[in-house]
Every structure is written in structure tokens, then in C-alpha cells.
Novice: 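Submitted below is the structure of interest, expressed as C-alpha cells.
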2 protein chains.
Amino acid sequence: MGAEGHADGTVGKALDVLDMVASHGRPVRFSDLLSQSAYPKATLYRLLQTLTHQGMLTLDPDTGTYALGVRLVRLAHAAWSQSSLAPIARPYLDELAAKTGETIHLAQMDLGQVLYVDKRNAAKPVEMFAQAGKVGPAYCTGVGKAMLAWLPPEALEAALARQSFHRFTPQTLASREELLKELEAIRQRGHAWDREEHEAGIICCAVPILSRGGRVMGALSVTSTTARTTLEELGAQAPMIKDIAAKIAAEAESWRFPEQV
Amino acid sequence: MGAEGHADGTVGKALDVLDMVASHGRPVRFSDLLSQSAYPKATLYRLLQTLTHQGMLTLDPDTGTYALGVRLVRLAHAAWSQSSLAPIARPYLDELAAKTGETIHLAQMDLGQVLYVDKRNAAKPVEMFAQAGKVGPAYCTGVGKAMLAWLPPEALEAALARQSFHRFTPQTLASREELLKELEAIRQRGHAWDREEHEAGIICCAVPILSRGGRVMGALSVTSTTARTTLEELGAQAPMIKDIAAKIAAEAESWRFPEQV
DNA sequence: AGACTAAGTTTCAAATAGTGAAACCAAACG
DNA sequence: CGTTTGGTTTCACTATTTGAAACTTAGTCT
């Protein structure tokens, strides 16, 4: 809930409110927000007013409810096409999807959580917005563990502090200690497994996408079901996945220094 | 450029900076932003720091460049699925695309500009993030004019003030007066034309999506080329488009009061 | 009706947080 | 090496934010 740590300054508070509105699935009334937030009435009111005035929120005059504004959609368009690995990785995901015939995930780290930025479905065509932008836990997903494993100490610490360690399945690594041991194994192995840790019957093989400097940029995974395949079979594809991750990393980096001018 | 009107408060400035980063297609360095922004060095610096700390921006430690952060992608996911008409309209867009075989646009108003929130391409399947989130001018597009025509006076005024009235083609209505006359005609007619006003050879028929109270929620358009069809043929479909717009509006509204509890 | 209640909006003095010129530091350059 | 360029920190000044409380509407109850 409100355990949002320290919201620095007015901007932090405003963004906090934004998150609050986002977390409800539907338009919210002022009083709903008021009862949830730690901020006093007048403060919250002005915050909402500012955000609305800025187009980050929409106030429906009929119902008096707030919803996220369209300006966010515009910003996100830019965010997706510029900040994330998605646009660069797109052709590679297609390639990987074609070769494996399995579900592909491309994820990045967002405040200790896994954020899926792109995806290919085994069968159906992609439904972008509907899928990308989703978040998931880091400690019990392939992509999550792959990224955690290569995070520098302080960042890892920060991320660990945000894990819930909820036990989704009997296989879930539901403690800090177990997870740390696993991360060590992942570093050794070079890729992460998901052994039905998040969802029964779902397994995956994930590799990190690392910059030349060793910084974690994201992770890439191939997901399947125990009904269709085994960890061993998935593991056979690990070199190929790693290879594609390396290509994505290389292209992402070279994209950074196009015209140093 | 900096003609951003009045950025109220710190929050406004922060969002302003966010837009600035977004407007560059690529990661930007501090000095680039500095030269562009009206804010003094230290102010801009702290703003960037705050935004980075909040996950709205990412600072690449290797290159010292800022890019939009992943938190935006997450927020946008929520924004798209909650605030916009897109999720509701989706099946209707499919229907309209199937019936007409033409390109379909669903747009909303964003600070005087047209924001495309969903789209169906004539031939290819949709590329969501790559297309949705784009913005365009209001005064010379079908959807733009359709929305302007039903805006209440003050909102119209605010929107008009933000139009550039650049003459894209000989047909572009490049003045406030011409546009106002056209808007009147649109209200009479019930739908807006785009007579190659934005791009030569591209025509479209657009209708507003209005709430029961008459509030503009968005607009819907069918686009084609002069090579393939004529305004008259497009106009023949206007009733159907209007019908679908009405359905979207109805569903969007009923969605608002699901469980009044 | 008239008195209550809930929900949203506005006020205003006090306090905090934001400002920005200038100083500082550190690489990169010549 | 001295200099430039690019980024970070300081600090006194001030404008913005704060939030208790007063105020307005609507909507309810008796």
C-alpha cells in the first residue's frame, strides 16, 4: 500500500498520486483517493488539480471521477520507442519466436519488479498495449532472476528489499537466502530457469541482456509448458537465446553512439 | 519551443522536462537539455535528478544520457486500458475495418492536438505501441476537426490557440476564420471531411464520439486515398460510422456506472 | 420544509521546498 | 600543464506548498 518509501518533493508526491489513480482499475472519486492517501485533503486536492491541468489526469465532469490522462499515452509512446529495448529487439524477437515456436518475453527492471516491454505469443498475434506494460515479480520469474543475478550489489539489495517472496507454487524460492543461492548458480550457468516457480506447469529459460560494461539492460526468455517440453529441451536452446541477447545488446549499444558529432 | 504556456508549479516544470526528453528521439545529455530549456542549470539538474530518482527517466551511467524511464511504460499501460476509449472501442474498430477495408483511426484530444489511441491498417495487422500514442494536428485532420466542432466554447478557444495553421497542402484550412466556418458546416452535416488537407491524396470521413451530455470523448475516422475512392463513396458510409461511434459512446458511458453500489 | 451530513472547494499564515548565481570539481583537450 | 567543456554542489533568498479550518453545495433524514 502506501509503503512507497520517501516521495521526494512535490514531484514525488504528484507521481505518487498518479500511481494511486493508476492502481485502481477504474476512474476514482476524490474521496476514494483521500481515504487512501496519507496527504491531507487540501494537499491532495491541489495535487489532483495540477495533474489534471497538466493532462496527466482527466476529470470527468459528469461523474466527478479522475482517470489517467491521454498525455501519458503520448509520453509512453516515446518511452517505449526510445528508452526500452523493445524497438531494437523487435526483429530478434520475431526470429526467436519463429525458431522456437514458443512464447517469448522481453523484460526490463522497474524498481525491483519485472516489466514486460514486449512479447510474442506462441499462437496468436501480439496484442501490444494489452500485454506490454504489465509487471510481474522478479524473484520467481525467469527474466526476473536473470536480471537480479547480474545486478551490482547495491541495486540488488534495493531490488531484494522490494520482493514479497510470496509462495506461488511449491517450487517458488520464497526466501532471500534460497534466492541468493539460486542467483549464484545462475551466474555460473549463464542463464536462469523458471521451474514452475510462478505458475504450475509453466517453465522457462531466460538470459540477461548485458551491456559491454556488464550493466543489466534487460532479459529475454523462452517460455513453455511441462506438457509440451522439458527443461532439458529448453536448455538446448540456451546458446541460441544467449546469442540473440548478445545481438540485441550490441545493437542497443551501438545505437547509443550514432553521431557523436 | 518553450512556448509551453504556463507551467504551474514544480510539477508542471518537471513534466515539461519530461516532454523535452521525450521530444528528442534519442537519449539526451544534460547540456543538450540545458541549452534548450529556459530553466537555469541547477534547477534543471535537480529536476532531472528527481525524475530519475522517481523512475520516470533513466540516466545511462556510461554515456551520461537521459532517456524516458520504464515507469512511464507501466503507467501508460494503465492509462491506455483505463482512461482511453481504446479498450472499449477495440471490437468496434475491428468490425469497421472488416466492413470498410480501409484504415481506421480512433483519436482523442490532448492539449489541442490529436492523439491517436488506436488504429487499424488497411492491409497489415496492427502495430500497437508503434502507432498508438502518435500525435497530429487538429485543424487539418478529420478526427481533429470532428472533435473541435463539438468542443464547448472555452475548450475550443484553448485548442485554437494551440494550432499552428501550417499549410500542408493547397487544401489546408490555414486560418482561424476558415476553420471556424468549416466547424459550423461540420456541425450541420454531422461529420467531418478531410479533403487532402493534411496530406495530398489522403481523404477521410470522421465523426465525433459524444457522451450523452454532449461532451467530446473522441473521434473515429475511415481513411482512404483519392486513387481508391471518392468523398462521395466515403460519405455513403457516414451513417454506419456514426452508428458505431454511438455504440462506442454508449458502452463507454455505461462502463462508468458499473456498480454504483 | 428545515436541519443534518457528506463531498468537494477555498482561505491564509506558517513553514518548507525550490531557486539560481556562482563556486567547484573532474575529465578531456590542445 | 593551463584551459575549456560538462557536470555537481553550495547557500542565502523567496516563492511555493502546506494543512487546519472555514465554507459551499448537494443530497438525506425526520
Side-chain angles (χ1 to χ4, degrees), chain A residues 2 4-18 20-21 24 26-54 56-67 69 154 213 215 256-261, chain B residues 2 4-21 24 26-54 56-67 69 154 213 215 256-257 259-261:
Chain A
E4 279 307 319
H6 31 237
D8 50 358
T10 320
V11 177
K13 285 174 197 169
L15 295 176
D16 199 28
V17 171
L18 215 59
M20 215 154 77
V21 176
H24 289 75
R26 57 176 72 201
V28 254
R29 269 171 311 162
F30 176 74
S31 49
D32 295 332
L33 291 170
L34 181 59
S35 61
Q36 238 183 69
S37 93
Y39 309 119
K41 223 178 176 184
T43 302
L44 181 66
Y45 181 71
R46 259 175 296 102
L47 244 31
L48 286 168
Q49 216 172 230
T50 305
L51 287 169
T52 305
H53 184 66
Q54 291 291 330
M56 300 296 278
L57 291 178
T58 314
L59 172 57
D60 185 324
D62 303 337
T63 62
T65 55
Y66 293 91
E154 334 78 59
R215 205 165 41 81
R256 290 252 154 85
F257 318 100
E259 322 284 273
Q260 190 70 305
V261 180
Chain B
E4 279 307 321
H6 31 239
D8 50 359
T10 319
V11 177
K13 287 175 199 169
L15 295 176
D16 199 27
V17 170
L18 216 57
D19 271 344
M20 216 155 77
V21 175
H24 289 74
R26 58 177 70 201
V28 256
R29 268 171 311 162
F30 176 75
S31 50
D32 296 332
L33 292 170
L34 181 59
S35 61
Q36 237 182 69
S37 94
Y39 308 118
K41 222 177 176 184
T43 302
L44 180 66
Y45 181 72
R46 258 174 299 103
L47 244 31
L48 285 169
Q49 215 171 233
T50 305
L51 286 169
T52 304
H53 184 66
Q54 290 291 328
M56 300 296 277
L57 291 178
T58 315
L59 172 58
D60 185 324
D62 302 338
T63 62
T65 56
Y66 292 91
E154 334 80 58
R215 204 165 42 80
R256 289 252 152 83
F257 318 99
E259 321 284 274
Q260 191 65 308
V261 179

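Note that the structure is predicted; figures quoted are calculated from it, not measured. Below, read A as the first sequence line, B as the second, and so on, with proteins coming before strands; counting in each chain starts at 1.
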Novice: Do you know the tightest heavy-atom contact between A:M20 and A:L33?
Specialist: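 So the minimum-distance heavy-atom pair works out to CE-O, 3.6 Å.
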Novice: At under 4.0 Å, does any side-chain N or O of A:K13 touch on OP1 or OP2 of D:dT18?
Specialist: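 For D:dT18, OP1/OP2 do have a side-chain N/O of A:K13 under 4.0 Å.
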Novice: Looking only at heavy atoms, which two atoms of A:L44 and A:S37 are closest? And how far apart?
Specialist: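 Smallest interatomic distance, heavy atoms only, reads CD2-OG, 4.0 Å.
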Novice: Mind checking whether B:L51 and B:Y66 have side chains closer than 4.5 Å, heavy atoms only?
Specialist: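 No; the side chains remain at least 4.5 Å from each other.
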Novice: Starting at the 5' end of DNA chain D and moving along, which residue's nearest nucleotide shows up first, B:R46 or B:D32?
Specialist: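 Here B:D32 is the residue nearer the 5' end.
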Novice: Without decimals, in angstroms, what is the distance between A:Y39 OH and D:dA20 P?
Specialist: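 One finds 15 Å between P of D:dA20 and OH of A:Y39, rounded.
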Novice: Rounded off to whole Å, could you give me the NZ-to-C1' distance for the A:K41 and C:dT11 pair?
Specialist: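 Taking NZ of A:K41 and C1' of C:dT11, I get 14 Å after rounding.
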Novice: I want to verify a distance call: between C:dG8, D:dT16, D:dG7, whose nearest atom is closest to the B:T10 side chain?
Specialist: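 Ranking C:dG8, D:dT16, D:dG7 by closest atom to the B:T10 side chain puts D:dT16 first.
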Novice: Find the distance B:Y66:OH to D:dG6:P and express it as a whole number of Å.
Specialist: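 Answer to the nearest Å: 15 Å.
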Novice: For B:K41 and B:F30, work out which heavy atoms get closest and say how close.
Specialist: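 Closest approach of B:K41 to B:F30: O-CZ, 3.8 Å.
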Novice: Looking at B:T43, I'd like to know whether one of its side-chain N or O atoms comes within less than 4.0 Å of OP1 or OP2 on C:dG18.
Specialist: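 Answer no for this pair, as no side-chain N or O of B:T43 is under 4.0 Å from OP1 or OP2.
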Novice: Rounded to whole angstrom units, what separation is found between the OH atom of A:Y45 and the P atom of C:dA6?
Specialist: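 In whole Å, C:dA6 P lies 20 Å from A:Y45 OH.
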Novice: Output the rounded distance in Å from CG (B:L48) to P (D:dG6).
Specialist: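 Distance, rounded to whole Å: 16 Å.
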Novice: Round to a whole Å and report the spacing from CZ of A:R29 to P of C:dG8.
Specialist: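 After rounding, the gap between these two atoms is 7 Å.
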Novice: Start at the 5' end of DNA chain C and walk down; is the nucleotide closest to A:V11 or to A:Q49 reached first?
Specialist: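 That would be A:Q49.
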Novice: Whole angstrom is fine here: how far is it from CG in A:L33 over to C1' in C:dG8?
Specialist: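 About 13 Å, once rounded to whole Å.
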Novice: Given D:dG6, C:dG20, D:dA20, which nucleotide is nearest the side-chain atoms of B:S31?
Specialist: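 Among the listed nucleotides, the one closest to the side chain of B:S31 is D:dG6.
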Novice: Side-chain contact, heavy-atom cut-off 4.5 Å: B:D19 with B:L15?
Specialist: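 Side-chain contact under 4.5 Å: no.
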Novice: Would you kindly give the CG-to-C1' distance between A:L44 and C:dT10, to the nearest whole Å?
Specialist: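 It is 15 Å, rounded to the nearest whole Å.
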